[in-house]
Amino acid sequence: MKYGRVAPWIFLLPTIVGLGLFRVGPIIAAFLVSFTRWNVISAPRWLGLANYSELINSEVFWRVLKNTAVFSLTYVPGVMICGLFLAVLVNNKLRGITFFRGLYYLPVITSTVAIGVVWSWILSPRFGILTRFLHGLGVVNVPSFLGDSRYALLTLVVVYVWKMAGYHMILFLAGLQNIPAVYYEAAKIDGATPWQQLRYVTLPLLSTTTFFIMIIALIQSLQTFDLTFAMTEGGPNNASATLSFFTYVNAFVHFRMGYAASMSFVLFLIVGTLTLVNFWARKYWVSTLD
Amino acid sequence: MLKRVSMFLVVLLMLSFAAGAAGQEITLRYFMWDPTFADIERELIDEFEKQNPNIKVEMTAMDPSSYWPRISAMATAGELPDVFCMSTGYFEQWAQDGLLMNIQELVDRDLNVDDYFVEVFSENRYPDKQSGDMYAIPYAWVTPVLFYNKDMFDEAGLAYPDDNWTWDDFLAAAQKLTVRSGPRLPAERYGFFWYGRYAHIEPWVYANSGRILNEQKTRIQIDDRAREALQFLSDLTNVHQVSPPYKEIVGISQDNLFPLGQVAMWVDGSWNIENIRRTAGEDFRFGIARVPKGPSAVPGDTTTYFWPDAIAISATTPHKEAAWALVKFLVGEHRPIESYMAGKVPIHKGLAYSKEWLQEDRQPGNMQLILEQGEGVGRTTFTLGWSEWRGYAATGSSGMNGELDKVSNGEQTVDEAIKAITEYGNGVLSRYYPEE
Amino acid sequence: MQMPVTRKLMLYVLLCLLGLTTVFPFLWMVSTSFKTQTEVFSLRPNFIPRNLFTDKMWDNYQTILVRHKFLRYVQNSLFVATTAAFGQLVACSMAGFAFARMKFRGKEILFGMLLATLMIPVEVTIIPEYLIMLKLGWYNTYLPLIVPSMMVGSFGTFLFRSFFENIPSSLEDAAFIDGVNSWQMFFKVFLPNAKPAIASLFIIAFMNNWNDLLRPVIYLDSDHLWTATMGLMQFKGNYGTQWHLLLTGSVVSVIPLIAVYILMQRYFVEGMLSSGVKG
């Protein structure tokens with residue numbers, strides 16, 4: 001007990017009070033609401049498990065859930081690899097490297113509306129420059145990236161990875177900079193190539209950061225409403241609708257708060273389980289500097 | 001001691017009476033959903049305040065996607081503004097939940113209905129669209145028209161669309177207007193375009209005297225005439241190829257296709273006149289016409305698709321008369337024409353038929369066509385849960401919208417779409433209209 | 001150790017190529033901010049706006065900053081986001097430290113609860129949250145946007161926990177031998193070694209707060225309190241969007257975010273580049 005018994009609670013005081021006052025209450029309320037029919041403007045009506053059974057029987061919900069799974073499974077590795085790549089790249093002591101770091105961060109802070117408009121235009125089958133470029137290369141049947149139900153979801157993933165790579169670059173960079181230089185020096189003395197340095201020094205010592213980033217990326221992949229709305233509105237015919245989009249639409253367009261709450265908790269169960277599994281598996285691949 | 005206290009109380013009482021008599025100022029809260037017109041609206045409000053010195057109006061303007069979450073949250077807390085905008089999509093639900101004030105007697109008392117497009121009022125009647133009381137009052141309405149590019153018609157040697165056009169005439173024109181450099185390639189210019197959007201589909205259905213819903217508007221019941229209309233549209237894309245498949249036109253905002261000269265004809269709401277003028281500028285001349293009557297149209301059927309934007313009074317406002325005074329002002333003849341986009345019709349006939357609104361000296365020059373449509377019988381597909389089954393706004397890719405988009409992409413037939421729409425739509429509607 | 005010139009060159013080429021792919025939407029935004037409404041959408045996209053280098057060039061900026069009070073909204077956002085981000089730094093570093101280094105009952109359960117709050121979307125909790133804020137009398141103030149951030153932050157706590165876990169216990173043990181208490185350990189040993197984490201959290205918390213639209217929409221009534229995101233929504237109407245103004249506003253909105261980023265990079269990250277863990 002190096003810190004004593006009281007210290008943890010003092011350090012955690014704001015968090016505990018904040019959680020209790022502002023977070024736990026609304027979440028419990030939302031949980032209760034998931035058992036009701038509530039259109040926000042009038043009183044909730046108790047429904048028991050009706051929302052959940054509607055979810056289970058809803059073809060649209062399963063489609064959306066599948067989309068969400070595909071999205072997460074492609075987004076998380078994609079953005080992590082891109083983020084790490086960028087971080088390693090900008091970790092070099094070059095003149096003006098801060099400028100490039102800022103440049104890669106730009107998509108993260110550019111408004112989703114603007115990104116939606118620009119990318120939609122670029123990918124548009126009629127005058128999009130990507131389409132014209134591919135035609136020029138001789139590709140005959142350029143797909144409609146956003147209009148074809150086979151590609152819409154993956155196109156969204158690509159745009160989202162492009163947008164958020166800079167965000168993860170920052171996090172990876174912070175992790176990289178926390179690795180003491182002495183380890184690299186020791187490795188170089190042993191004759192390690194840059195590749196070997198990456199494998200035996202960087203990656204292991206980056207593992208706590210990597211774990212953190214993975215969980216964050218997973219959670220991010222569930223917050224896709226803004227981009228989906230800006231680019232495809234979940235189309236065509238729900239092909240690119242993820243649970244985040246579907247929840248928002250049910251909450252604030254259809255005003256079916258109860259239904260929206262129930263799907264949030266189903267999602268929470270799934271993601272919570274995944275996260276738990278990850279935390280349990282953590283001991284197998286995450287090491288600290290100790 | 002008691003004497004002092006009572007004297008103090010009397011003075012206090014007198015002072016409060018005095019204050020009450022002198023001030024009597026009422027503050028109304030007004031929420032509207034079009035920030036791009038907020039300053040014009042503010043001028044109108046200033047005029048109202050001048051004419052009603054004891055009423056102050058606090059106006060808030062929020063864009064539609066922020067407006068609804070905000071207004072609904074206020075409703076939850078019982079904090080609704082006194083006067084606020086109400087859409088046709090949500091009207092029935094809000095009226096059903098008792099949040100809107102019944103203004104029928106106020107309308108009867110103070111408004112001369114001959115001054116207004118009374119047919120349009122039907123969308124704000126509850127519970128029955130013909131006989132119910134009014135729970136909101138429109139300030140503007142819109143209707144779909146057929147936009148056509150006059151220059152392209154001239155180039156192809158075609159006569160402009162008129163009231164006698166049949167669907168065959170339309171098809172023939174569209175074929176001549178479609179320009180493509182090789183068979184089976186995307187056309188450089190299409191004669192027409194459509195997708196599942198409500199403003200693209202319903203006008204054709206009604207032009208053929210078809211119905212999408214049953215009589216009571218509680219279930220989907222797409223009749224044969226409606227089916228014929230849907231098949232016609234599907235054939236335009238999949239058989240005659242005068243209209244692009246939906247996936248070919250994504251990435252460009254749909255209301256820019258016509259102004260950018262990508263299509264020769266377009267059916268959508270009359271409010272687009274403003275955008276066409278702005279985006280196309282002087283690039284080409286355009287006109288408007290009625291949506292052509294279909295082969296199965298019942299003779300003499302003037303059913304048109306039109307819908308209003310309305311204003312409602314909160315059922316719990318403590319300032320009923322003041323709120324009504326404001327509402328009357330907002331829908332009446334004082335409203336400046338600039339607060340209406342070109343093509344959006346004022347509910348007040350005097351304003352609508354004025355030179356300033358008709359703008360005969362500007363494109364398209366024949367806006368009274370829109371007004372004539374407003375004198376016909378109105379029909380819409382709005383029901384409780386409309387946004388869910390129709391696929392509107394943020395849900396634009398689902399519901400009926402999504403199923404018809406698939407038809408446009410050649411991914412399913414019209415009959416398969418009808419089956420899917422009916423099943424899905426009735427699932428939604430049975431939640432809101434549980435009987436039968 | 002000098003880097004060979006060829007390697008430097010290759011790196012610069014790569015950096016520039018990647019930079020091109022990330023910068024073009026931003027360039028389009030900037031270019032559009034100088035266009036008139038009719039110019040925004042056209043068939044042959046023109047990258048050089050017509051009004052560039054004329055006296056009408058800054059029209060859009062003038063319009064939004066003055067007529068639409070956008071400057072005021074940006075100032076408001078600056079205040080709210082800065083306060084919230086600082087609050088996050090305080091609350092999350094403390095909590096992260098406790099989770100990383102201390103032992104106490106219910107540790108993992110509490111941490112789990114924290115993470116769980118990240119997984120429930122805000123749209124289903126906002127109405128109950130709104131009712132709580134109403135009861136507290138915080139409606140139409142900045143308190144709902146700031147106070148929760150000053151007390152609890154799941155992402156930030158998780159971030160600091162990860163960073164603090166990665167600091168070798170040899171440092172900690174040495175400090176204990178020197179007889180420090182918890183606060184001194186926190187301030188003198190751990191925090192100085194977490195500068196990259198501090199910078200990252202500030203950047204991200206600032207950005208998240210800046211971009212929040214739902215909360216300001218629900219809580220802020222008076223228009224002099226509105227934030228930049230609400231200000232941007234002013235250009236969206238019922239039947240059309242004023243793109244030229246919306247994108248001008250987006251450009252203006254990006255500036256504080258870039259500034260925060262660069263500031264944080266300069267003062268926190270650069271210092272760590274070669275030093276590694278401080279003893």
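Residue numbering restarts at 1 for every chain, and letters A, B, ... go by the order of the sequence lines.
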Q: Testing the basics here: between A/Tyr104 and C/Cys16, what is the closest heavy-atom pair and its distance to 0.1 Å?
A: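 Taking every non-hydrogen atom into account, OH-N, 4.5 Å.
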Q: To the closest 0.5 Å, what do you measure between CG (A/Leu13) and CE (C/Met94)?
A: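 So the CG of A/Leu13 and the CE of C/Met94 are separated by 7.5 Å.
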Q: Strictly by modelled atom types, are C/Glu172 and A/Tyr3 linked by a side-chain donor-acceptor pair under 3.5 Å?
A: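 Present: a donor and an acceptor within the cut-off.
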Q: Which residues in residues 249-257 of chain C have any heavy atom closer than 4.5 Å to a heavy atom of chain A?
A: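 C/Ser250, C/Val254, C/Leu257 fall under the 4.5 Å cut-off.
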Q: Check each atom of A/Val90 against the heavy atoms of chain C and say whether the ones under 4.5 Å are side chain, backbone, both or neither.
A: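 A/Val90 touches chain C through side-chain heavy atoms alone.
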Q: Return yes if some donor-acceptor pair links the side-chain N/O of A/Tyr105 with the main-chain N/O of C/Ile262 below 3.5 Å, else return no.
A: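 Pair absent, no side-chain N/O of A/Tyr105 close to backbone of C/Ile262.
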Q: Is A/Arg282 salt-bridged to C/Glu165, cutoff N-O under 4.0 Å?
A: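 Salt bridge flag = yes for C/Glu165 with A/Arg282.
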Q: Okay, side chain of C/Tyr261, backbone of A/Ile109: is any donor-acceptor separation there less than 3.5 Å?
A: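 Checked: no pair found.
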Q: So what's closer than 4.5 Å to chain C heavy atoms on A/Phe212: side chain, backbone, both or neither?
A: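 When you check distances to chain C, atoms from both the backbone and side chain of A/Phe212 fall under 4.5 Å.
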Q: How many angstroms lie between CH2 in A/Trp9 and CG in C/Leu110, if you round to the nearest 0.5 Å?
A: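 Taking CH2 in A/Trp9 and CG in C/Leu110, the distance rounds to 6.5 Å.
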Q: Where does the angle between the aromatic ring planes of C/Phe111 and A/Phe279 fall among parallel (under 30°), tilted (30 to 60°) and perpendicular (over 60°)?
A: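 Perpendicular: the ring planes of C/Phe111 and A/Phe279 meet at over 60°.
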Q: Search all heavy atoms of A/Gly18 against all heavy atoms of C/Val152 and return the closest pair with its distance.
A: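 Looking at all heavy atoms of both residues, the closest pair is C-CG1, 3.9 Å.
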Q: Could you tell me which non-hydrogen atom of C/Leu247 sits nearest to which non-hydrogen atom of A/Ala114, and how far apart they are?
A: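 It is CD2-CB, 3.6 Å.
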Q: Measuring heavy-atom distances to chain A, does C/Leu20 have an atom under 4.5 Å in its side chain, in its backbone, in both, or in neither?
A: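 No part of it gets close to chain A.
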Q: Given heavy-atom pairs under 4.5 angstrom as the criterion, report whether the side chain, backbone, both or neither of A/Phe252 touches chain C.
A: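 The side chain, not the backbone.
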Q: Testing the basics here: between A/Leu103 and C/Gly19, what is the closest heavy-atom pair and its distance to 0.1 Å?
A: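 Result for this residue pair: CD2-CA, 3.6 Å.
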Q: Between A/Trp162 (side chain) and C/Thr21 (backbone), is there a donor-acceptor pair under 3.5 Å?
A: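 Checked: pair present.
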Q: Non-hydrogen atoms of chain C under 4.5 Å away: do they reach the side chain of A/Phe265, the backbone, both or neither?
A: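 Only the side chain of A/Phe265 comes within 4.5 Å of chain C.
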Q: Quick one: what part of A/Ala251 sits under 4.5 Å from any heavy atom of chain C, side chain, backbone, both or neither?
A: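 Answer is side chain: those atoms of A/Ala251 sit under 4.5 Å from chain C.
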Q: So for A/Phe85, is it side chain, backbone, both, or neither that comes closer than 4.5 Å to the heavy atoms of chain C?
A: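 Only the side chain of A/Phe85 comes within 4.5 Å of chain C.
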Q: At a 4.5 Å cut-off on heavy atoms, which part of A/Val108 comes close to chain C: side chain, backbone, both, or neither?
A: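 Contact with chain C is through both the backbone and side chain of A/Val108.
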Q: Between A/Pro26 and C/Ile132, which heavy-atom pair has the shortest distance, and what is it?
A: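 Heavy atoms of A/Pro26 and C/Ile132 come nearest at CD-CD1, 3.8 Å.
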